Amino acid sequence: MKELTIKDIGHYFVIPIFLIGVLLFFNVKDTGFALGWVMCISLITLLLRKKQFGLTVVDIFVFLWLGYDILQLFISINPISVLHSIDTTVVVVMYYFVLRSYLNTEKKTGILIGLYSLFIVMVLLIALYAYGLFFQVIENTGWNNHLLDFKYLYRPIGFLNNTWNSFLISFQGILILALYYYREKKMLRFCIFLAIVGVTLNILLTFSRGAYIALAFWLAGIAILLFSPVISLDVKTKVGIIISFTLLLSMSLLPQHTIKNVYETIQFSKTVSQQRSTAGRINSMQAAKEVFKNHIVTGVGQGNYSLAVNPYLFENDDVTFTSFASSSVVQLGVEKGMIGLLIWGGILISFFILFIKEKRKDFYSYAILISLIAIGIRELFFATFFEYLGQAIIVFTLLAIYQNRYTEIPTIKLNFSKRSNLAGIFILLILLCVFITYLKNKQDTDTGLNLKYLECIQTNQLDSAEYYINR
């Protein structure tokens, strides 16, 4: 029996990383900032094993994003909303740097991609089953020929329809990498092919115009890539055939009752609901423009989009709130102002510059680029990235995989041979986690006191209510 080496054990570290990614995907309530501390300890452990770390331009802008979100705690129009989201930003950034530190071999990357692909298959099966239940309910009402008008009722795994199809676009990015990585294994290749077909089919069943556009770009981009001379004949044969049949098989598997609704979706403005959706987006963008002009530099703060935009769309009350921005760019401008736009513009531009300068581009790198652009296209039609951790986790996973794969990317070397340099980073990480933990505990305490206050009001215990509200 072969003995386990330290190197072998290191490969198994990908499993807890994957599990934490799954927890983040489902936005699990992180009481006491437990996931943040796990990420902090993991990052410290990984950095202890390194002599140096290559910091890319993308990494620097990610640091700036984290720093600016922390700063918004003190300059936001409503710091409580920022407080609700700052812990997720910290966890996502640390997750990103854990991947940057850990995914330094093809095997580790392949294992992580394989695990995420398995997870995608599982949630996809649940989603397709949920669609069957959704259709059954609509069919019982006699409106089965008008699914497009009731698509908002389709909420697989509890996610909104538009949120779910945003995730589906991101899933394609993971699956295409898995297809490339496991292309030599026929059985796995076939299973991944079925997963890609399933995701494509599920996107079509969401009847979302923005998702259709993003999917069309992704399929066209991958198809054009497979015909280009930069891709080897081996990849064209083993991956190209699968992609060629994806859309064809997905369309053929569409239930008969959905074809009319798919056709209406691609007409973009045929139904009343589509026309109202378009009009609502235009009004939302105009309102966001006014807010942006009033808070052009710093924005209104993370999580304050509804609070800031609502007075321009409806009466100035606290009831008729808009939940989502028309796009992530609009949300970014309103909540983070010009500074936020410059930071995220820096992340995008620096990634494209790294891609252009990369001399050894292959299918892997092009597939990541196409997938990230497809995700960006989807975000232009519905804001998911800053609202749901799952989207951010997938995007930063793709960014980390791309940067770790190529050694020619220019970096700023952080030398860890001097333990004093490493100690400084550790102290900053621990202080950051202590600060966030303090804020979360204070927030949880205040929430608990408010709930007790409400209970006392309902039971007419006015003295106790006064006690809790004044604490």
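Just so it is clear, the model here is predicted, and its values are computed rather than measured. Residue indices begin at 1 and follow the sequence shown.
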Can any side-chain N or O of Tyr68 pair as donor or acceptor with the backbone N or O of Ile339 at less than 3.5 Å?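 The answer is no, because no donor-acceptor pair under 3.5 Å joins these two groups.
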With no hydrogens and no angle check, is any side-chain donor or acceptor of Ser76 less than 3.5 Å from a backbone partner on Val300?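 Yes.
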Is Lys452 salt-bridged to Glu455, cutoff N-O under 4.0 Å?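 The answer is no: the pair does not qualify as a salt bridge.
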Specify whether Phe119 and Phe26 have parallel, tilted or perpendicular ring planes, treating 30° as the upper limit for parallel and 60° as the lower limit for perpendicular.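 Perpendicular, since the angle between the ring planes exceeds 60°.
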Can you classify the ring geometry of Phe63 versus Phe97 as parallel (below 30°), tilted (30 to 60°) or perpendicular (above 60°)?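 Ring orientation, 0 to 90° scale: parallel.
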Which atom names give the shortest non-hydrogen contact between [X] and [Y], and what distance separates them?
X	Y	value
Asn104	Lys108	OD1-NZ, 3.0 Å
Ile17	Leu112	CG2-CD1, 4.5 Å
Leu168	Val199	O-CG1, 3.3 Å
Gly173	Trp218	N-NE1, 4.4 Å
Gln172	Ile196	OE1-CG2, 3.7 Å
Gln403	Tyr96	NE2-OH, 2.8 Å

May I ask you to check whether [X] and [Y] place their ring centers less than 6.0 Å from one another?
X	Y	answer
Trp65	Phe396	yes
Phe134	Tyr131	yes
Tyr154	Phe207	no
Tyr366	Phe355	yes
Phe386	Trp344	yes
Tyr364	Tyr402	no

Return the set of residues passing side-chain contact (heavy atoms from CB on, under 4.5 Å) with Ser101 (not counting sequence neighbours), or none when no residue passes.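 Result, side-chain contact (heavy atoms from CB on, under 4.5 Å) vs Ser101: Leu43, Leu46, Leu47, Lys50, Phe53.
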Donor on one side chain, acceptor on other, Ser284 and Tyr305, under 3.5 Å: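 A donor-acceptor contact under 3.5 Å links the two side chains.
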Does the side chain of Asn161 come under 3.5 Å of the side chain of Thr206 through a donor N or O and an acceptor N or O?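 Distance-only check fails for Asn161 and Thr206.
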Let me confirm one number: the [atom1]-[atom2] distance from [X] to [Y], rounded to the nearest 0.5 Å.
X	Y	atom1	atom2	result
Leu389	Asn27	CG	CG	4.5 Å
Phe363	Leu177	CZ	CG	8.0 Å
Leu369	Leu398	CG	CG	11.0 Å
Ile113	Phe18	CD1	CZ	13.0 Å
Ile394	Leu399	CD1	CG	12.5 Å
Ile373	Glu379	CD1	CD	14.5 Å

According to salt bridge (Lys or Arg N to Asp or Glu O under 4.0 Å), who are the partners of [X], at least two apart in sequence or on a separate chain?
X	value
Lys440	Asp87
Asp444	none
Glu106	Arg405

Kindly check if the number of other-residue, nucleotide or ligand heavy atoms within 6.0 Å of CD1 (Ile296) is above 12?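 Yes.
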State, yes or no, whether a side-chain contact exists between [X] and [Y] at a heavy-atom distance under 4.5 Å.
X	Y	value
Val123	Phe167	no
Ile222	Ile176	yes
Leu83	Lys442	no
Asn404	Thr109	no
Ile353	Val57	no
Leu432	Ile70	yes
Asn165	Asn202	no
Met39	Cys433	no

Is there a side chain to side chain contact (heavy atoms under 4.5 Å, CB included) between Phe33 and Val90 once you walk through the steps? CA-CA 10 Å; Phe33 199 52; Val90 173; 3.7 Å; yes
How far apart are the C-alpha atoms of Phe159 and Phe25, what are their side-chain angles, what is the distance that settles it, and do they pass the ring-ring contact (aromatic ring centres under 6.0 Å, His included) test? CA-CA 11 Å; Phe159 292 114; Phe25 177 84; 5.6 Å; yes
Got a sec, which pairs hit salt bridge (charged side-chain N to carboxylate O under 4.0 Å, His left out) with one end in residues 325-346, sequence neighbours left out?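 Sorted pair list: Asp69-Lys336.
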According to the salt bridge (charged side-chain N to carboxylate O under 4.0 Å, His left out) rule, which pairs have a member within residues 339-354, sequence neighbours left out?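 Pairs touching residues 339-354 that pass the test: none.
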Tell me, with the steps shown, if Ser42 and Thr45 meet side chain to side chain contact (heavy atoms under 4.5 Å, CB included). CA-CA 5 Å; Ser42 300; Thr45 303; 5.7 Å; no
Can you tell me which residue among Ser166, Ser170, Ser327, Ser328 is in a side-chain hydrogen bond (donor to acceptor under 3.5 Å, both in side chains) with Thr384?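 It is Ser166; the other options fail the test.
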Leu19/Leu23 under side chain to side chain contact (heavy atoms under 4.5 Å, CB included): CA gap, chis, key distance, verdict: CA-CA 6 Å; Leu19 292 175; Leu23 291 175; 5.7 Å; no
Identified side-chain contact (heavy atoms from CB on, under 4.5 Å) counterpart of Ile377 within the set Leu372, Leu215, Ile169, Ile213: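 Only one option passes, and that is Ile213.
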Before you tell me yes or no, could you show the steps for Tyr95 and Thr397 under side chain to side chain contact (heavy atoms under 4.5 Å, CB included), namely the whole-Å CA-CA distance, both residues' side-chain angles and the distance that decides it to 0.1 Å? CA-CA 9 Å; Tyr95 187 85; Thr397 298; 3.9 Å; yes
